[in-house]
Amino acid sequence: MVGKKKRKGGKTLVNIVLGVICFLWLLPTLGLFISSFRPAADILQTGWWKVFPHQEWTAGETLQLSKDVDLREPIEVNGKTYSDDELKAGVKADDSRLIWENRRARTVNVQEQGWETVPELTLDNYNNVLSGKEYTLKEADGSETKQKGTGLSQAFWNTLTIAVPATVIPVLIASFAAYAFAWLRFPGRKTLFVIIIAMLVIPIQVALIPVLKDYTALGLNGSYLGIWLAHTAFGLPLVTYFMYNFISQLPKDLFESAFIDGASHFTIFSRLILPLSVPALASIGIFQFLWVWNDYLVSLIFIGNQPSVQVMSMKIADLVGSRGNDWHLLTSAAFISMLMPLAIFFLLQKYFVRGLMGGSVKG
Amino acid sequence: MDAQIKAKPGVRGTQAKQKISIRAVLLSLGVLLANIVVNGLIFLFFRDSTLNPLLTAVLAVLWGVLGVYLIYYTLTWAAEQYPDHIRKRVLPFIFVGPAVLILGWLLILPALRTLYLSFFNASSEKFVGFGNYAAIFSDRLMATALRNNLLWVFVGTLACVCLGLLIAILADRSSYEKIAKSIIFMPMAISFVAAGVIWKFVYYYQPGDEQIGLLNAIVTFFGGEPQAWTSMLQPWNNFFLIIILIWMQTGFAMVIFSAAIKGVPDDILEAARVDGAGEIKIFFGIMIPFISTTILTVTTTIIVFTLKIFDVVMVMTGGQYDTEVVATQFYRQFFMYRNFGYGSTLAIVLLIAVLPVILINLRQFRKQGGF
């Protein structure tokens, strides 16, 4: 009885600790999310948490002190004395706060505490960051400046253009290879597969310089084809390994009966293996898709500074470098780039986790 | 390379030693040639394509699925024009061929070429032997990069594994396991670039009273001085960058540990509890030994990942303020200074660092009875 009770008390503690950790984990993303909807001037003036109701001192009645108060002496206000510095920073007196309103005119403001929110939210940041057109921006002091949008929508489509073929092609090629490794016997099979396993964790940096040289010679630099092929090659070892693990676990009888019926390997593969592998294909496909979607290094090297092909991660990294203080752009741009991964994460979590666990060895 | 007969095993198996017909040879050569020409043209088309990118993407997907599928289809068809014994030999190579060709061209050969280049000077003209290796280990910038990489690997991995284990165990006992795991795991889905922006905002510093960066707001709330966390606070700024890695990778460790913990048999745990073992004793005495292989796998995975860390540093500091790591230094040497010698050498250093992991992987594979 006692033990059970103790464990129950322990459970509350566990829940609280876990709750705190989860809160800490969510906080950075939450800040980004909220900020992306705040007007540009607001983001720079107040922290994003000010969006929530919070207590703040608000201006109240004004007290006029006598004109000849000496600021170097203690100053008497409502029967109590304060120093000049205290009144500059604001000083608490009972339920209110005293602060200079106009030091020269010797007026003091009695501030009251009240609940305050900065609820103004807007979609402007998203419009600005997505379009490539000029837009006007209201500064904190009321003046207006013109800025050019970043044209992130173009980058969004570029990323999609790169990510979809760079997922489909390696998955298909790797599945064929995995089938051969799992169910066909041929000389060199062992050696080839060992090489593929060795390639799993290889840092792609070792390939970049020579591949870039080849690409320059072939005119593939900055083209979609070049980057599809690069992602295909860098993704192949993992996808092959993953598909091999799946296909080699399929029951042997399946193949034998199909063989006896006179089916060729090609038919077996396309009619039997592919349909059976759909869950595995989905898992590894999602992994590869997100890998390409989130990639920065490969695009940076093979796309370089061709703006028409640039992907989102490059655009955002550029923004960080060139407009590091324009938080209205950075927050919304980052959030746009997160939309696809988050959607996949929440909608296809099962496949995502499976692909990630299998794909964890990737380099 | 290719070829065979339409011999259904069991039906026409007795004719296995059939002669190769001229028709089959011509057909297979034709098919091979047609494939090369057609795909070469498609290659040129995509390379020089000026079409709307979306349309290109649609075409590319079509090519990626149908085109690649057709390559396999036509080649296996050609192979089927040959007698059984030849077909059996050739077919596997058709299946693995494209994968091997692409891997060879874009991964294996380049790796060897990089190794070769690492023995040459900046413009790859003069042989310098191990000069580059000697140089990068004595250069001050490189020394910083190597030190930082060690810091990343050691601190980052340790924190990810410990936190991941802790959260996995907490989640296992809590009433909100699923949602908690989702929250911790979520950062895995987003890119390092986006994560960089998120954390840059947390660490943001501006002179003056009002801090909009969360960390500085907390610090000033408690009466501290605001800091420029990622730049001025050397060498501690590295730790603030490592926190980003921890934030992203702990979820991965947690998910895998969580699965492993569920595999610990309940009756062993119950028996230990009956014997009066405390939860802490159970954790160290039973759980840890039981999931030790999983811990090893997760650790090596995160080490490999951390060794190659690039995006975070690039986005947060660009490698300035003594936050350089090997991968960013590689990029700098390769792209900015055009020093192919140093660049290649750095890539090879990374490769040497993951070599033990490659060997572990291979041994593991052999142990699991692969081949």
Side-chain angles (χ1 to χ4, degrees), chain A residues 14-15 17-18 22 25-26 28-29 31-32 47 157-158 161 164-165 168-169 172-174 176-177 179-180 184 186 190 197-199 201 203 205-207 209-211 219-220 223-225 232-233 236 240 262 265-266 294 296-297 313 316-317 320 330 334 337-338 341-342 345 353 357 360-361, chain B residues 8 46-47 53-54 56-57 60-61 64-65 68 72 76 91-92 95-96 98-99 102-103 106-107 110-111 113-114 170 173-175 180 183-184 189-191 193-194 197-198 201-202 212 214 217 255-256 301 304 308 310-311 315 330 334 340 343-344 347 350-351 354 357-358 361-362 365 371:
Chain A
V14 163
N15 283 340
V17 173
L18 197 63
C22 287
W25 234 257
L26 266 183
T29 321
L32 180 96
W157 292 116
N158 285 346
T161 309
V164 174
V168 174
I169 298 172
L172 193 63
I173 290 180
F176 271 100
Y179 173 78
L184 302 178
F186 56 96
K190 216 169 157 176
I197 290 181
M199 292 285 136
V201 293
Q205 277 90 350
V206 299
I209 297 177
V211 170
L220 278 178
S223 73
Y224 286 122
L225 182 65
T232 301
L236 260 180
T240 312
H265 281 298
F266 187 81
N294 287 337
Y296 175 53
L297 178 61
S313 54
I316 295 171
V320 172
L330 285 174
S337 85
M338 286 159 60
L342 288 182
F345 176 76
V353 172
M357 285 170 80
S360 59
V361 281
Chain B
K8 292 175 183 171
F46 278 124
R47 190 186 76 176
L54 262 190
T56 322
V61 175
V65 181
V68 173
Y72 286 105
T76 46
L91 214 55
F95 273 63
V96 295
I102 291 182
L103 270 184
L106 294 174
L107 207 54
R113 284 163 68 190
T114 302
L170 286 179
R173 280 139 201 253
S174 85
S175 355
I183 289 173
I184 306 289
I190 65 175
S191 70
V193 175
V197 174
I198 290 178
F201 196 46
V202 172
I212 61 166
L214 185 62
V255 166
I256 295 190
T301 307
V304 168
K308 294 178 287 190
F310 171 77
D311 312 18
V315 173
F330 163 84
F334 174 21
F340 293 139
S344 310
L350 280 182
L351 179 63
V354 300
V357 181
I358 293 179
N361 274 356
L362 285 175
F365 183 70
F371 298 154

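In what follows, every chain begins at residue 1, and chains take the letters A, B, ... in the order their sequences are listed.
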Side chain Ser191(B), main chain Asn294(A), donor-acceptor under 3.5 Å: no
For chain A, the option from Leu103(B), Val68(B), Val357(B), Leu107(B) that forms the most heavy-atom pairs under 4.5 Å: Leu107(B)
Part of Tyr296(A) lying under 4.5 Å from any heavy atom of chain B: both
Test log, rule side-chain contact (heavy atoms from CB on, under 4.5 Å), inputs Asn15(A) and Arg173(B): CA-CA 8 Å; Asn15(A) 283 340; Arg173(B) 280 139 201 253; over 6 Å; no
Val354(B) versus Pro203(A), closest heavy-atom pair with distance: CG2-CD, 3.7 Å
From CG (Leu106(B)) to OG1 (Thr232(A)), nearest 0.5 Å: 8.5 Å
Residue Ser313(A) versus chain B: region with a heavy atom under 4.5 Å: both
Side-chain touch Met199(A)/Ile358(B), heavy atoms, less than 4.5 angstrom: no
Close side-chain approach of Leu350(B) to Val206(A), heavy-atom, < 4.5 Å: no
Nearest-0.5 Å distance that lies between atom CD1 in Ile183(B) and atom CG in Leu26(A): 4.5 Å
Approximate separation, where rounding is to 0.5 Å, of Thr29(A) OG1 and Ile198(B) CD1: 4.5 Å
Heavy-atom contact with chain B under 4.5 Å, split by part of Ala174(A): neither
Test side-chain contact (heavy atoms from CB on, under 4.5 Å) applied to Val96(B) and Phe186(A), step by step: CA-CA 10 Å; Val96(B) 295; Phe186(A) 56 96; 4.0 Å; yes
Residues in ring-ring contact (aromatic ring centres under 6.0 Å, His included) contact with Phe330(B), at least two apart in sequence or another chain: Phe334(B)
Minimum heavy-atom distance Gln205(A)-Lys308(B), with the two atoms named: NE2-O, 4.3 Å
Spatial distance of atom CZ (Phe340(B)) from atom CD1 (Ile209(A)) [nearest 0.5 Å]: 6.5 Å
Most chain B-contacting option - heavy-atom pairs closer than 4.5 Å, from Val164(A), Val168(A), Leu18(A), Leu342(A): Leu18(A)
Portion of Ser344(B) that has a non-hydrogen atom of chain A nearer than 4.5 angstrom: both
Within-4.5 Å side-chain heavy-atom neighbours: Ile173(A) and Tyr72(B): yes
Over all atoms of both residues, closest heavy-atom pair of Ala180(A) and Pro92(B): CB-O, 4.1 Å
Inter-residue atom distance Ile197(A).CD1 - Leu362(B).CG, 0.5 Å rounding: 6.0 Å
pair Pro210(A)-Thr114(B): side-chain heavy atoms closer than 4.5 Å: yes
Max heavy-atom pair count under 4.5 Å with chain A, selected residue of Ala180(B), Ala189(B), Ala347(B): Ala189(B)
Non-hydrogen side-chain atoms of Leu91(B) and Phe266(A) separated by less than 4.5 Å: no
Residue part contacting chain A, namely of Val197(B), when any heavy atom lies under 4.5 Å: both
